Amino acid sequence: MLLEVRELTAGYKWKRVVFSAYLEVGEEELVYVYGPSSSGKSTLLKGIVGRARVFSGTRVFDGRDLSNVKVGEMSKIGLIYIPQKGGFFEGLTVKEHFKLVSETPSLPRDILSLMGKLRFPFKELENVKAKELRLEDKRILSLIIALTLNPKLLMIDEPFEGLNDFTTIREAIKLIKKDLHISQIVASRLIPQKVGLAPDKLFFMKSGFLTPSRFSSFSL
């Protein structure tokens, strides 16, 4: 198992937001967590990577106890959290982002292939600052930046929020699983049928409690 979360209770300062959550993510699995706003989805993801206070519970990633890993080192071991608003620097151009995170002058071939399949207009946007991009392009940019860091698990917070058309983000999530073989946790207030995804595991979250959905696996 790639990620094992046991009895995770997490929150901020003295306030507990997530209570005794159990979650497992296997290799190349797409796990989907849905629930209403303020149900604790973001706190769950932040708790896993240590961005929220962990009151109790265990988190083991790729055989490693995450309680011994600093927040800034999570990406180095292959665990990356993409917040709903962020994952990029507003003042940098698209090209400058890739120069910042890539160790080579050019992007890896598999990421270039992904951008091509998503029709991401890299050449047109390379000198455009992130703050000037459309919301959908900002979301794709944050995904591509995360992929350059060679993740084993991507945790994506509310990737569909604010979008009228879910096609590009949905296809990106599918391609990351199918072509790049990377595990993902997607947290959204929308049910997976609404956005056109068929996850390997499905969880519902409400009032800080995470429960497996009775539709743990289904096809569209």
Side-chain angles (χ1 to χ4, degrees), residues 28-32 41-42 45-46 48-51 70-190 192 194-197 199:
E28 300 182 29
E29 278 191 338
L30 172 59
V31 175
Y32 197 100
K41 301 184 302 295
S42 296
L45 302 188
K46 290 177 181 178
I48 292 172
V49 294
R51 293 192 180 191
K70 296 179 180 179
V71 175
E73 296 176 348
M74 292 291 178
S75 63
K76 295 178 182 178
I77 64 172
L79 179 57
I80 295 180
Y81 166 67
I82 302 176
Q84 177 184 344
K85 297 179 180 180
F88 52 83
F89 298 100
E90 293 276 3
L92 294 184
T93 66
V94 170
K95 187 176 182 178
E96 287 170 339
H97 277 93
F98 296 136
K99 284 184 177 180
L100 184 67
V101 298
S102 180
E103 296 179 356
T104 60
S106 59
L107 289 171
R109 186 174 301 175
D110 55 356
I111 295 179
L112 288 172
S113 175
L114 179 70
M115 286 196 294
K117 290 179 180 180
L118 295 174
R119 298 181 181 178
F120 183 75
F122 175 68
K123 288 298 181 182
E124 297 175 23
L125 298 177
E126 63 178 354
N127 293 315
V128 177
K129 291 185 177 180
K131 64 182 178 181
E132 299 169 354
L133 296 174
R134 297 180 307 139
L135 178 58
E136 179 182 274
D137 290 332
K138 288 182 179 181
R139 297 270 168 82
I140 293 297
L141 175 63
S142 65
L143 282 173
I144 295 172
I145 291 169
L147 291 172
T148 64
L149 300 174
N150 298 314
K152 296 177 182 177
L153 173 61
L154 282 180
M155 301 197 303
I156 313 169
D157 197 359
E158 296 287 3
F160 306 106
E161 193 66 25
L163 299 177
N164 294 319
D165 186 349
F166 308 132
T167 305
T168 301
I169 303 301
R170 178 188 68 231
E171 292 309 305
I173 291 170
K174 288 183 176 181
L175 288 169
I176 289 170
K177 172 181 166 64
K178 180 182 176 183
D179 291 7
L180 303 184
H181 311 292
I182 295 171
S183 299
Q184 299 168 86
I185 302 176
V186 173
S188 175
R189 64 178 181 84
L190 301 173
K194 176 74 173 179
V195 300
L197 286 175

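These numbers come from the heavy atoms of this one structure, side chains and all, not from hydrogens, waters or symmetry mates. Just so it is clear, the structure is predicted and the values come from calculations on it, not from any experiment.
- The closest donor-acceptor contact from the side chain of Arg139 to the backbone of Glu161 lies under 3.5 Å.
- In terms of heavy atoms, Ala146 sits closest to Pro151 at O-CD, 3.4 Å.
- One distance of note links CD of Gln184 with NZ of Lys174; it measures 12.0 Å at 0.5 Å rounding.
- Here the closest non-hydrogen pair linking Ala187 and Leu45 is CB-CD1, 3.9 Å.
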(request) Decide side chain to side chain contact (heavy atoms under 4.5 Å, CB included) for Met74 and Tyr81; before the verdict, give the C-alpha distance in whole Å, the side-chain angles of both, and the deciding distance to 0.1 Å. (result) CA-CA 9 Å; Met74 292 291 178; Tyr81 166 67; over 6 Å; no
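- Checking side-chain atoms of Lys177 against main-chain N and O of Glu28 turns up a donor-acceptor pair under 3.5 Å.
- Residues Ile182 and Leu147 are in side-chain contact: their nearest non-hydrogen atoms beyond the backbone lie under 4.5 Å apart.
- Listed here is the closest heavy atom pair of Lys178 and His181: O-CE1, 3.1 Å.
- In this structure, the side chains of Phe120 and Leu125 come closer than 4.5 Å at one or more pairs of heavy atoms.
- Using a 4.5 Å heavy-atom cutoff, the side chains of Phe89 and Ile145 are not in contact.
- Taking each heavy atom of Val71 and Gly50 in turn, the nearest pair found is CG2-O, 3.3 Å.
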(request) Show your working on side chain to side chain contact (heavy atoms under 4.5 Å, CB included) between Leu143 and Leu114 and close with a plain yes or no. (result) CA-CA 11 Å; Leu143 282 173; Leu114 179 70; over 6 Å; no
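- Around atom CG of Asn164, no more than 12 heavy atoms belonging to other residues, nucleotides or ligands sit under 6.0 Å away.
- Remark: side-chain polar atoms of Glu90 are paired, donor with acceptor, to backbone N or O of Lys131 under 3.5 angstrom.
- Taking the six-membered ring where the residue is Trp, Phe88 and His97 present perpendicular rings, their angle passing 60° and hence far from 30°.
- Using a 4.5 Å heavy-atom threshold, the side chains of Phe166 and Leu197 count as separate.
- To the nearest 0.5 Å, the span separating CG on Asp179 from CD1 on Ile111 amounts to 12.5 Å.
- The shortest side-chain heavy-atom distance between Ile169 and Ile140 falls under the 4.5 Å cut-off.
- Partner of Leu154 under the side chain to side chain contact (heavy atoms under 4.5 Å, CB included) criterion, out of Ile80, Leu30, Ile185: Ile80 alone.
- The CZ atom of Arg189 sits 11.5 Å away from atom CZ of Phe160, with the distance rounded to the nearest 0.5 Å.
- You'll find the side chain of Ile48 reaches within 4.5 Å of the side chain of Leu79, heavy atoms only.
- Pairing each heavy atom of Arg170 with each of Gly196, the nearest pair is CD-O, 3.1 Å.
- To the nearest 0.5 Å, atom CG of residue Leu175 and atom OG of residue Ser113 are 8.0 Å apart.
- Rounded to the nearest 0.5 Å, atoms CD (Glu96) and NZ (Lys129) are 8.0 Å apart.
- Between the side chain of Glu136 and the backbone N or O of Thr168, no donor-acceptor pair lies under 3.5 Å.
- Taking CD from Glu29 and CG from Leu153, the interatomic distance works out to 10.5 Å, rounded to the nearest 0.5 Å.
- Looking only at side-chain heavy atoms (C-beta outward), Tyr32 and Leu190 come within less than 4.5 Å of each other.
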